[in-house]
A.B. asks: 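I'd like to ask some things about the structure below.
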Amino acid sequence: YWVSLASLPKVTGPAMADALGHFIDQSVDAVVVIAPNAPTLQALARASDLPPLVAVTSAPDVAGLAVADADQALGARLAVEYLVGLGRRRIAHIAGPADFYHSLAREAAWKAVVEEHSLETGPVVAGDWTGHSGLVATAQLLAAGPIDAIFAGNDLMAMGALVALKRAGLRVPGDVAVVGFDNLAGSDVTDPPLTTVDQDHEALGGAVLELLDDQLRDASPQPPQSDQQPPVMVPPRLIVRASA
């Protein structure tokens, strides 16, 4: 296959609609769409004359779409269960933006694991995926009371947390353990190296292409909603390093 890429200037419905229109004008054979929030997913629902399509999304309602994604809830569970296993009892969370499906899935799993172990739900502060927001959020978490672990919604925010904890004179992981999410390039050379969740993007890409290939080989109409194939969920893995 030849591949064309379109990056959205903003994660909005109109931007998604423009990108889809661009591909339709090119008469492409198939489209893969990353739909991280409701506006982008709604743009798919409103689009017409679409070729075979696979959505990468953690949305709870994906009627009529072929979907693949890394298992966000499982990844968050791996992170928080690991912290509980280390004996951490007040596990705070730095969440991503509230309008992102990944943020909601990771936060819900964090809360569920903490409650399952009858631990006090540590404070939660929302960031915006950036390292600076992780730094600011960590300062807010520390001001809210004592914590002994932070599960950050992504690696950049976790890196900001490492900086904030160092500035506060706290040892990582001695005083506060930190776990991120993404296994971002460079997460192994932070100070200390970051424990994180790897989403296995290579396996996810393979799952997406298999779904597309199935659609391209099948010229029959899309199956009714009741027979829709469940989302393909790629299991992530925990990468243990020195931060926790």
A.B. asks: Could you verify whether a donor N or O on one side chain and an acceptor N or O on the other, from Arg241 and Thr190, lie under 3.5 Å apart?
C.D. replies: no
A.B. asks: Once rounded to the nearest 0.5 Å, what's the spacing between atom CG of Asp128 and atom CZ of Phe100?
C.D. replies: 10.0 Å
A.B. asks: Does this structure show an ion pair linking Lys111 with Glu116, if we count only N-O contacts that are shorter than 4.0 Å?
C.D. replies: no
A.B. asks: Taking atom CG of Asp49 as the centre, report whether more than 12 heavy atoms of other residues, nucleotides or ligands fall under 6.0 Å from it.
C.D. replies: no
A.B. asks: Tell me which one of Asn37, Asp69, Asp71 satisfies side chain to side chain donor-acceptor pair (under 3.5 Å) with Ser58.
C.D. replies: Asp69
A.B. asks: Is it the case that one hydrophobic cluster holds both Leu135 and Ile150, taking links as side-chain heavy atoms less than 4.5 Å apart, direct or via other members?
C.D. replies: no
A.B. asks: Can you run down the side chain to side chain donor-acceptor pair (under 3.5 Å) pairs that involve residues 139-155, sequence neighbours left out, and say none if there aren't any?
C.D. replies: Asp155-Thr196
A.B. asks: With a 4.5 Å cut-off on side-chain heavy-atom distances among I, L, V, M, F, W and Y, is there a chain of contacts connecting Leu74 to Val56?
C.D. replies: no
A.B. asks: Measure across Leu142 and Ala168 and return the closest heavy-atom pair with its distance rounded to 0.1 Å.
C.D. replies: CD1-CB, 3.9 Å
A.B. asks: With side chains defined as the heavy atoms from C-beta onward, is the minimum distance between Pro51 and Phe23 less than 4.5 Å?
C.D. replies: no
A.B. asks: Output the distance between atom CD (Gln215) and atom CG (Asp29), rounded to the nearest 0.5 Å.
C.D. replies: 12.0 Å
A.B. asks: Do you know which two heavy atoms are closest between Leu104 and Ala98, and how far apart they sit?
C.D. replies: CD2-O, 3.5 Å
A.B. asks: Distance check, rounded to the nearest 0.5 Å: Asp198 atom CG versus Leu238 atom CG?
C.D. replies: 10.0 Å
A.B. asks: Among Ile, Leu, Val, Met, Phe, Trp and Tyr joined by side-chain contacts under 4.5 Å, find the other residues sharing a cluster with Val189 and list them by chain and number.
C.D. replies: none
A.B. asks: With clusters defined by side-chain heavy atoms of hydrophobic residues (ILVMFWY) lying less than 4.5 Å apart, directly or transitively, does Met16 cluster with Ile34?
C.D. replies: no
A.B. asks: Please tell me whether Gln199 and Asp182 have a donor and an acceptor in their side chains that are separated by less than 3.5 angstrom.
C.D. replies: yes
A.B. asks: Same cluster or not: are Val32 and Leu44 linked, directly or through other Ile, Leu, Val, Met, Phe, Trp or Tyr residues, by side-chain heavy atoms under 4.5 angstrom apart?
C.D. replies: no
A.B. asks: Between Ile91 and Trp110, does a side chain to side chain contact (heavy atoms under 4.5 Å, CB included) hold up when you go through it step by step?
C.D. replies: CA-CA 9 Å; Ile91 303 169; Trp110 158 78; 3.9 Å; yes
A.B. asks: Would you check, one step at a time, whether the test side chain to side chain contact (heavy atoms under 4.5 Å, CB included) holds for Leu41 with Leu65?
C.D. replies: CA-CA 10 Å; Leu41 200 61; Leu65 289 177; 3.8 Å; yes
A.B. asks: Quick check: do Pro36 and Thr57 have side-chain heavy atoms less than 4.5 Å from each other?
C.D. replies: no
A.B. asks: Enter the distance from Leu83:CG to Leu119:CG here, rounded to the nearest 0.5 Å.
C.D. replies: 10.5 Å
A.B. asks: Check whether any side-chain heavy atom of Val172 lies under 4.5 Å from a side-chain heavy atom of Lys166, and answer yes or no.
C.D. replies: no
A.B. asks: Quick check: do Met159 and Ser243 have side-chain heavy atoms less than 4.5 Å from each other?
C.D. replies: no
A.B. asks: Where do Ala19 and Leu8 come nearest, in terms of heavy atoms and distance?
C.D. replies: CB-CD2, 3.8 Å
A.B. asks: Among the clusters formed by ILVMFWY side chains lying less than 4.5 Å apart, do Leu86 and Val114 turn up in the same one?
C.D. replies: yes
A.B. asks: Is any side-chain heavy atom of Val179 closer than 4.5 Å to a side-chain heavy atom of Leu194?
C.D. replies: no
A.B. asks: Between Arg89 and Glu120, is there a salt bridge with N-O shorter than 4.0 Å?
C.D. replies: no
A.B. asks: Can you find a heavy atom in the side chain of Ile94 that is under 4.5 Å from one in the side chain of Leu141?
C.D. replies: yes
A.B. asks: I need the Thr195 OG1 to Asp188 CG distance, nearest 0.5 Å.
C.D. replies: 11.5 Å
A.B. asks: Sort and list the pairs that fulfil ring pair (Phe, Tyr, Trp, His ring centres under 6.0 Å) and have at least one residue in residues 130-177, not counting sequence neighbours.
C.D. replies: His93-Phe151
A.B. asks: Taking all non-hydrogen atoms of both residues into account, name the closest pair between Gly169 and Asp175 and its distance.
C.D. replies: O-OD2, 4.5 Å
A.B. asks: Do the side chain of Arg106 and the main chain of Gly153 share a donor and acceptor less than 3.5 angstrom apart?
C.D. replies: yes
A.B. asks: For the residue pair Glu107 and Ala95, what are the closest heavy atoms and their distance?
C.D. replies: OE1-CB, 3.8 Å
A.B. asks: Kindly determine whether Asp213 and Tyr1 satisfy side chain to side chain contact (heavy atoms under 4.5 Å, CB included), including the steps that lead there.
C.D. replies: CA-CA 11 Å; Asp213 191 55; Tyr1 298 110; 3.6 Å; yes
A.B. asks: Please tell me if the side chains of Leu20 and Val33 come closer than 4.5 Å, counting only heavy atoms from C-beta onward.
C.D. replies: yes
A.B. asks: To the nearest 0.5 angstrom, please state how far the CG atom of Asp200 sits from the CD atom of Glu202.
C.D. replies: 7.0 Å
A.B. asks: Heavy-atom distance under 4.5 Å between the side chains of Val31 and Leu50, does that happen here?
C.D. replies: no
A.B. asks: Between Val178 and Leu165, which heavy-atom pair has the shortest distance, and what is it?
C.D. replies: CG2-CD1, 3.5 Å
